[in-house]
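Numbering of ligands and ligand atoms starts at 1, following listing order. Note that these values count all heavy atoms, side chains included, but never hydrogens, waters or copies made by symmetry. Residue numbers run from 1 in the order of the sequence given.
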Amino acid sequence: MAPTTAAITPTSQAHEKTLGEQYVVHKKDRAMVGHKDFSDDIPVISLAGIDEDYPGGRREQILKKIVSACEEWGIFQVVDHGISDELFTQMFELSRQFFALPDEYKLRYKMTQGKKGGFTVSSHFPDEAVANWRELMLFMERPIQGRDYSQWPDKPEGWRPIIDEYGVKLAEVSGKLYELLSEGLRLERDALTKTLGEIHGHLVVNHYPKCPQPDLAVGLKRHTDPSSMTVLLQDQVGGLQATKDDAKTWVTVRPIKNALVVNLGEHLYYMSNGRYKRADHRAIVNGEHNRMSIALFFHGENEAKVYPLNVKEGETPLLEEPITYAEMRKRHNILYLDRIKIAKLAERENWSQEELMRKLTELEQRSNA
Ligand SMILES: O=C1C[C@@H](c2ccc(O)c(O)c2)Oc2cc(O)cc(O)c21
Ligand SMILES: O=C(O)CCC(=O)C(=O)O
Ligand SMILES: [Fe+2]
């Protein structure tokens, strides 16, 4: 029987006893470190004094800390960024109210081909082999002239202007970070933003309802963001995890009230010739609390060049030829979806761990060729 709309979102399945088969992830993808086992490994960097821009001033120290976090993890948290706590509280409260609305209302904004953004369950890919225990609302936030307001919910009242304000404030913070990241590569301060062209801001509000069998599911499977930079606000529940050793070990990022988590994505990884890591991360779920996070992905133009901006002597460029950002995203999506298909097949056909790893490595090599 076709599922009824009432049972379609994880919110409406949160009170069931067992998890639907489509959410069960491969054993190797299940969380071994809990959503509350917080780690302090991910650097927390204060931006206070960022305008003390002279030799020996605070800006120099901030730059050093950011470069070192990017070289080690590609992920760090920033505090003292100048954005008011009040704005974050409003964003969370209005987002919570939206996800609590009936499925019928949320599905009026369903993401479909030809529309820009909207509500969906699991992910923006229609054909993922295993579902994420997640629902999300994607706002194509900028460029402003590209917005499709028919996909921006009119409830809860007051959400739209708050999203507007949030986009503006985060763009200011990201602008400062792009300058620091450019300098960290020994480039002019505007080198990265010049290469990216007009920034496309995609704002994704993630909702991970409490899950009936949290040990079998994930909220958002392991991935790297395609963007150059993603700035993420998470609530106090915990669930964001990062790895820097190809998923051998994971750390749960400690939620810090009103801190922003900065993730570097694929585009910056290539622009820096791999000097800056791309944050390898995922979101796990739990059985006690609903969780929310709000990600603002900063993408370059589709025609923006993906290529190292400066290759040091003796270094090999990560790409043989420059490619466009659109092409890079296409390759990244294919690799992501194929990885999930392989893991699903391995589960079904009972492959050994070695066999699975061999197939995944082959896939990776083909995609780099
Ligand atoms: O939902 C996401 C997550 C993320 C992403 C992960 C893996 C991919 O292959 C991918 O293309 C994207 O980044 C996003 C970026 C966006 O602009 C919108 C999204 O919904 C998401
Ligand atoms: O929910 C989180 O903490 C992570 C979200 C994320 O990685 C994403 O939206 O790309
Ligand atoms: Fe992400």
So is there a nitrogen or oxygen of Y336 less than 3.5 Å from a nitrogen or oxygen in ligand 1?
-> no
Is it true that E183 and R189 make a salt bridge, defined as a side-chain N closer than 4.0 Å to a carboxylate O?
-> yes
Can you pull out the closest protein heavy atom to atom 18 (C) of ligand 1? Residue, atom name and distance to 0.1 Å, please.
-> V204 CG2, 3.9 Å
Could you tell me whether R358 and E355 make a salt bridge, using a distance below 4.0 angstrom between a side-chain N and a carboxylate O?
-> yes
Of the choices K221, M137, H202, which has the non-hydrogen atom that lies closest to atom 17 (O) of ligand 1?
-> H202
Could you find the nearest protein heavy atom to atom 8 (C) of ligand 1 and give me its residue, atom name and distance?
-> H332 CE1, 3.6 Å
Does the ring centre of F139 sit less than 6.0 Å away from the ring centre of W152?
-> yes
Are any of the side-chain nitrogens in E128 or K221 under 4.0 Å away from the carboxylate oxygens of its partner?
-> yes
No-hydrogen, no-angle side-chain donor-acceptor test under 3.5 Å, H281 and D225 = yes
Distance from atom 6 (C) of ligand 1 to nearest protein heavy atom, with residue and atom = H223 CD2, 3.5 Å
Is there a nitrogen or oxygen of N333 sitting under 3.5 Å from a nitrogen or oxygen of ligand 1?
-> yes
Pair D245-T243, side-chain donor/acceptor within less than 3.5 Å | yes
Under 4.0 Å between a Lys/Arg side-chain N and an Asp/Glu carboxylate O for E198 and R142?
-> no
Residue pair T224 / H332, side-chain donor-acceptor N/O under 3.5 Å = yes
Would you please say whether a donor-acceptor pair under 3.5 Å links the side chains of Y149 and D154?
-> no
SB check E93 R96 (cutoff 4.0 Å) = yes
Residue, atom name and distance, where the atom is the protein heavy atom closest to atom 13 (O) of ligand 1 | F297 CE2, 3.1 Å
Lys/Arg-Asp/Glu bridge criterion (N-O < 4.0 Å) met for E172, K176 = no
Is a side-chain donor-acceptor pair under 3.5 Å present for R222 with Q241?
-> no
Can you list the protein N, O or S atoms less than 2.8 Å from the Fe ion (ligand 3)?
-> H223 NE2, D225 OD1, H281 NE2
Identify all pairs of nitrogen or oxygen atoms, one from ligand 2 and one from the protein, separated by less than 3.5 Å, and list them with distances.
from	atom 1	to	atom 2	distance (Å)
ligand 2	1 (O)	Y208	OH	2.6
ligand 2	1 (O)	R291	NH1	3.1
ligand 2	1 (O)	S293	OG	2.7
ligand 2	3 (O)	R291	NH1	3.4
ligand 2	3 (O)	R291	NH2	2.8
ligand 2	7 (O)	H223	NE2	3.3
ligand 2	7 (O)	H281	NE2	3.0
ligand 2	9 (O)	N206	ND2	3.1
ligand 2	10 (O)	H223	NE2	3.2
ligand 2	10 (O)	D225	OD1	3.3

Ion pair check, R147 and E141, cut-off under 4.0 Å = yes
List every atom of ligand 1 that sits less than 4.0 Å from any heavy atom of F125, numbering the atoms from 1 in the order shown and giving each element.
-> 8 (C), 9 (O), 10 (C), 11 (O)
Nearest protein heavy-atom contact for atom 2 (C) of ligand 1: which residue, which atom, what distance?
-> H124 CE1, 3.5 Å
For H299, the atoms of ligand 1 under 4.0 Å from one of its heavy atoms are 15 (C), 16 (C), 17 (O)
Is the Y325 ring parallel, tilted or perpendicular to the H267 ring (thresholds 30°, 60°)?
-> parallel
Sub-4.0 Å heavy-atom contact, R134 with ligand 1 = yes
Is the charged tip of K155 near the ring of Y105: under 6.0 Å from the six-membered ring centre and within 45° of its axis?
-> yes
For ligand 1, is there an atom lying under 4.0 Å from some heavy atom of P226?
-> yes
